[in-house]
Chemist: 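One structure is given below, represented as structure tokens, and several questions about it will come after.
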Amino acid sequence: MSTPIFFDQVYEVIRRVPRGRVTTYGRVAAMLGRPNAARAVGYALRAAGQRRRGDTRTADLPWYRVINSAGRISLPNMRGGADRQAELLRAEGVVVSDDLLIDLSVYLWEGLHPIEIDDILSGRGEP
DNA sequence: ACAGTGACAACAT
DNA sequence: TATGTTGCCACTG
């Protein structure tokens, strides 16, 4: 089954977000060289949620470490989704306020160095 | 080929 | 501060 390149790149980056840290849709897009593709990143994560388990590309994907640029969890329309994400983050030490806000000045993961990104884009990243 | 969709983001009221 | 609008992008029938 062919999988969209961009989606896989998104998953590879998200896999590298450290425990107890978060990043944003926009930053992930920027890391991949597409500063205006934040929306597509969200699209990729939604697709990941639809994947059947067993797909090595999305299995154990720390999707919950991705939040929006305002530092808030955004999971519209998903039943109990936002609360679930908050729980998963708290479980690894991230402080999430009652209104689902996270302090980016404390938990934001700055991202990868350009060299590492190159490796990922060229399929040379660690499996 | 092309219009529709959405887990965004920046800006305008 | 809180909504609403507009630009963007990759993927899907």
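Convention: sequence-line order gives letters A, B, ...; per-chain numbering from 1. Any value given below was found using the heavy atoms of this structure, including those in side chains, with hydrogens, waters and symmetry copies removed. Predicted model only: the values in this text are computed from it and were never measured.
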Chemist: Roughly how many Å is it from CZ in A:F6 to C1' in B:dA7, rounded to a whole number?
Modeler: 13 Å

Chemist: From the list B:dA9, B:dA7, C:dT12, which nucleotide is the closest neighbour of the side chain of A:Y43?
Modeler: C:dT12

Chemist: Send over the distance from A:Q9 CD to C:dC11 C1', rounded to a whole Å.
Modeler: 14 Å

Chemist: Strictly below 4.0 Å: does A:S69 bring a side-chain N or O up to OP1 or OP2 of B:dA10?
Modeler: yes

Chemist: What is the separation between atom CG on A:L61 and atom C1' on B:dA7, rounded to the nearest whole Å?
Modeler: 12 Å

Chemist: Between C:dC8, B:dA7, C:dA10, which nucleotide has the shortest distance from any of its atoms to the side chain of A:N36?
Modeler: C:dC8

Chemist: Whole angstroms only, please: what is the CZ-P distance between A:F7 and C:dC9?
Modeler: 15 Å

Chemist: Could you state the CZ-P distance from A:R34 to C:dC9, rounded to the nearest angstrom?
Modeler: 10 Å

Chemist: Is it true that A:E12 and A:R57 have a side-chain N and a carboxylate O under 4.0 angstrom from each other?
Modeler: no

Chemist: Please give, in whole Å, the distance from C:dA10 P to A:Y11 OH?
Modeler: 14 Å

Chemist: Counting only side-chain nitrogens and oxygens, does A:R39 get under 4.0 Å of the OP1 or OP2 atom of B:dA7?
Modeler: no

Chemist: For A:D99, is there any backbone N or O sitting under 3.5 Å from a side-chain donor or acceptor partner on A:R72?
Modeler: yes

Chemist: Distance check needed: B:dA7 P versus A:D83 CG, whole Å only.
Modeler: 17 Å

Chemist: Judged by atom type as modelled, is there a donor-acceptor pair below 3.5 Å linking the side chain of A:Y11 to the main-chain atoms of A:L45?
Modeler: no

Chemist: Could you pick out which residue, A:A40 or A:I67, lies toward the 5' side of DNA chain B when each is mapped onto its nearest nucleotide?
Modeler: A:A40

Chemist: Show, in sequence, the C-alpha distance, side-chain angles and deciding distance for A:L104 and A:V22, and conclude whether the side chain to side chain contact (heavy atoms under 4.5 Å, CB included) test is met.
Modeler: CA-CA 8 Å; A:L104 289 179; A:V22 300; 4.0 Å; yes

Chemist: Calculate the interatomic distance between A:D99 atom CG and C:dT1 atom P; express it in whole Å.
Modeler: 13 Å

